[in-house]
Amino acid sequence: MDLVEESPYRFRIDRHDPMRVPGVVFASRSLLPDAGADKSLEQVANVATLPGIVDASYAMPDVHWGYGFPIGGVAATDVEQDGVVSPGGVGFDISCGVRLLAADLDRTELDGRLEPLMDGLGAATPRGMGKGAVWHLSKDSELDAVLRGGSRYAVERGFGVERDLVRCEDYGAVDDANPAQVSERAVERGARQVGSLGSGNHFLEVQAVEEVYDDRVATAFGLRPGQVCVMIHSGSRGLGHQICTDYVRGMAKVMTRHGIHVPDRQLACAPVSSHEGRAYLGAMAAAANYARANRQLLAAAARKVFERETGRGLDLVYDISHNLAKIETHDVDGARRSLCVHRKGATRALPPGHPDLPDDLRDVGQPVLIPGSMGTGSYVLTGVPGAPAFASTCHGAGRVQSRKQAVKAERGQDPRRQLAAQDIAVRGASRRGLAEEMPAAYKDVSAVVEAAEGAGLCRRVARLVPVGVVKG
DNA sequence: ATGTGC
């Protein structure tokens, strides 16, 4: 793959047939994926062939190999120019994302209280593959309400406060969810998992604000140095997974009928305006609401424990997803266009002044939540005006080792002890699960964030360090 | 990521 270095944090893959637009990779030289081990830059070029794609096929600094689209990929298609939507451009974990809550508590006040707090959070957080959930739904109609109402419905039912919704992307729910387009199988898988963490890189962490880069913005977000926070990283569990599976299969069948040819079967797609495209977007929006309700419920469970163990509450800083497609309006060559923006392992980063921001964030921009790899650190960023890539930035550290490679690399070592040696209390997670998530399996999140800022995609606001972690 | 994959 030939890369042209355009500027220190920006590389271009020149357009060549059948690409419709160039590829653009935001990264430092050392963050670029190893072409021998990772085909993600070929995937960036493949995405550039999709009908209706505008500007470029973008990759964030944490880019790595994924299903069809790279993880860390951003692609926008023009809805009125036969632009397509592709389930692979969202990913299997639809609306996987991060929620950050902040306590009116300094980390020094956790002395002597951490172990019972972590025990409580571990016990209150359903996790791992399969069963266990905060919420046991009474009937199918209640799942329907979750799929339509997201965090709004959870708050309505007492799992949170109205103020939470102001600090949620889309005020807690997207309004174009269509539960009728969600298969019976997806409903069955999802019904028993509302309010559950999952496994893999999903986690609930107690963190402390280690460093503030911008006092004014951090204050507006509700963050200060030394403050204790809770970060929740989770998604749409089996429901989103099943929806992705269903629609990849369905679209693959009708692609030729729509005259679409792609270089990789995993790029199955359909025009946004087609029956299949609209059905997927309706089902995807339902999964997006499910994921938000899921994080709202996990937060409600964590709040209960936090209040019991520390006597303090938790205020929502923000909830944002990093696996989603959205119909948004953007300037393209000087004209306002309706675009289907796919962000897969990429986070929306609205700049200050954006009309979709709530009043109390209007002057500072949207909080962008970046979970680091286990035992390292996480970042809070904000959007910047005039950024490229449709107001998007990175989503995390990004894998450099497959799960299998990571397990092999940990052979003969004790991941739990390695974390304990760093004074990080761990609850849950199998030995294998921990081995798969060790920092060595990931890029350095600080280098990723530095590259994202250097590329003009976002700005750093604060860095958080882990104190205790609950894993699936 | 996932009622896990070689």
Side-chain angles (χ1 to χ4, degrees), chain A residues 38 40 43 62-73 86-99 126-133 137 143 182-204 232-249 266 268 283-284 287-288 290-292 294-295 298 320-325 342-347 371 373-374 395-411 428-438 441-442 470-472:
Chain A
D38 178 306
S40 59
Q43 294 187 312
D62 48 341
V63 66
H64 60 110
W65 180 84
Y67 182 90
F69 282 58
I71 295 164
S86 174
V90 172
F92 277 87
D93 193 1
I94 296 167
S95 203
C96 177
V98 183
R99 167 175 292 231
R127 57 180 187 269
M129 295 284 289
K131 47 191 183 296
L137 301 178
L143 183 67
V182 178
S183 70
E184 195 52 45
R185 200 168 175 191
V187 166
E188 274 172 31
R189 290 179 68 175
R192 294 162 291 140
Q193 299 180 321
V194 193
S196 65
L197 196 62
S199 58
N201 67 358
H202 290 166
F203 64 75
L204 180 149
I232 296 168
H233 180 201
S234 186
S236 54
R237 311 284 284 107
L239 179 119
H241 192 277
Q242 189 62 46
I243 289 171
C244 183
T245 304
D246 293 340
Y247 281 90
V248 164
R249 198 171 296 159
Q266 297 185 349
M284 181 210 72
Y290 181 97
R292 284 107 184 259
N294 187 27
R295 291 191 289 270
L298 290 166
I320 183 78
S321 75
H322 48 234
N323 281 4
L324 208 58
H342 301 72
R343 296 187 182 89
K344 180 189 190 179
T347 317
S373 55
M374 186 175 62
H395 87 303
R399 275 196 173 273
V400 286
Q401 289 176 341
S402 68
R403 295 188 177 279
K404 207 162 128 186
Q405 285 173 320
V407 170
K408 202 172 167 186
E410 269 301 299
R411 195 175 287 169
S430 62
R431 183 199 157 81
R432 187 193 171 89
L434 289 179
E436 288 177 349
E437 295 301 322
M438 289 305 281
Y442 284 88
V470 178
K471 292 287 288 183

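Any value given below was found using the heavy atoms of this structure, including those in side chains, with hydrogens, waters and symmetry copies removed. So that the names make sense, note that chain A is the first sequence line, chain B the second, and so on, each numbered from 1.
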Sugar-phosphate, base or nothing in reach of G240(A), heavy atoms under 4.0 Å: nothing
Sugar-phosphate, base or nothing in reach of G238(A), heavy atoms under 4.0 Å: sugar-phosphate
Interatomic distance, R192(A) CZ vs dT2(B) P [rounded to whole Å]: 14 Å
Residue met sooner reading DNA chain B from 5', once R432(A) and E437(A) are mapped to nucleotides: E437(A)
Side chain to side chain contact (heavy atoms under 4.5 Å, CB included) partners for A346(A), two or more places apart: M60(A), V74(A), R343(A)
Distance, nearest 0.5 Å, that separates CZ of R99(A) from CG of L204(A): 11.5 Å
Between dT2(B) (C1') and R249(A) (CZ): distance, integer Å: 14 Å
Rounded distance [0.5 Å steps], CD1 in I94(A) versus NE2 in H241(A): 10.0 Å
Protein-nucleotide distance (E436(A), atom CD; dG5(B), atom C1'), rounded to Å: 11 Å
Rounded distance in Å - CE (M129(A)) to P (dT2(B)): 7 Å
Sub-6.0 Å ring centroid separation between H233(A) and H395(A): no
N/O (side chain, S199(A)) to phosphate O (OP1/OP2, dT2(B)) under 4.0 Å: yes
Protein-nucleotide distance (R237(A), atom CZ; dT4(B), atom C1'), rounded to Å: 12 Å
With R432(A) via side chain to side chain contact (heavy atoms under 4.5 Å, CB included) - residues at least two apart: V407(A), S430(A), E436(A)
Side-chain N or O of R403(A) closer than 4.0 Å to phosphate OP1/OP2 of dG5(B): no
Sugar-phosphate only, base, or nothing, as touched by Q405(A) at under 4.0 Å among non-hydrogen atoms: nothing
K404(A) NZ - dG5(B) P separation (whole Å): 12 Å
Distance in angstrom units between N323(A) CG and dT2(B) C1', rounded: 13 Å
Length of the CG-P vector between D93(A) and dT4(B), whole Å: 16 Å
